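First the structure, in the form of structure tokens, and then the observations on it.
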Amino acid sequence: MNYWLVKSEPDAYSWDRFVREGRAIWDGVRNYQARNNLNAMRKDDQVLFYHSVTGMAVVGLALVDREAYPDPTDPPAANGKPTPWVVVELIPEIAFARPVTLAQIKAEPLLGNISLIRQSRLSVMPVKPDEFELILAMGLQ
DNA sequence: GCCAACGTTGGC
DNA sequence: GCCAACGTTGGC
């Protein structure tokens, strides 16, 4: 079991819409490190859903329902080379009773090394098991 | 609105 | 291969 965090600006794609639609095709990732993380996701891995920019909080928990496959929003160019970009499919699992804010995360010494802080621009990142358990406990309390 | 971080592009 | 210029992300 692996743990991850994905970011979305709520103005572009919100947790509420994710819940309403019941599934998300996580497309549009165009960063190689984030792409590598998508490729490493396995079915039923747990994924923290973070609202960036106007939310700045982890708002819920999702599950990987389908592992990586080629991103249909980036079709092969005329040269016939397949796209290097991939998507995964996520389904919502639990909405946090109390969204865990970036400020809370920064204030928690046990989360001092979390990628969310150390690599602030990465949009798909691994989360350590202890970091995951702590954020989940904070969100569900 | 500004800026730090950082990835990409293109000239050399 | 180096690096300046530039674009994007995302927090403040």
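Per chain, numbering begins at 1; letters A, B, ... match sequence-line order. Keep in mind it's a predicted model, so treat the numbers as computed, not measured.
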For [X] and [Y], which I'm curious about, is there any donor-acceptor pair between the side chains at under 3.5 Å?
X	Y	answer
A:N2	A:R42	no
A:T73	A:D71	yes
A:Y69	A:E89	yes
A:R17	A:S8	no

**Study point:** ring pair (Phe, Tyr, Trp, His ring centres under 6.0 Å) against A:W4, all qualifying residues, sequence neighbours excluded
**Key:**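 A:W4 satisfies ring pair (Phe, Tyr, Trp, His ring centres under 6.0 Å) with no residue once adjacent residues are dropped.
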Every protein N/O within reach of nucleotides 3-12 of chain C N/O, cut-off under 3.5 Å:
residue	atom	partner	partner atom	Å
C:dT8	O2	A:R121	NH2	3.1
C:dG11	OP1	A:Y50	OH	2.8
C:dG11	OP2	A:V53	N	2.8
C:dC12	OP1	A:K106	NZ	2.5

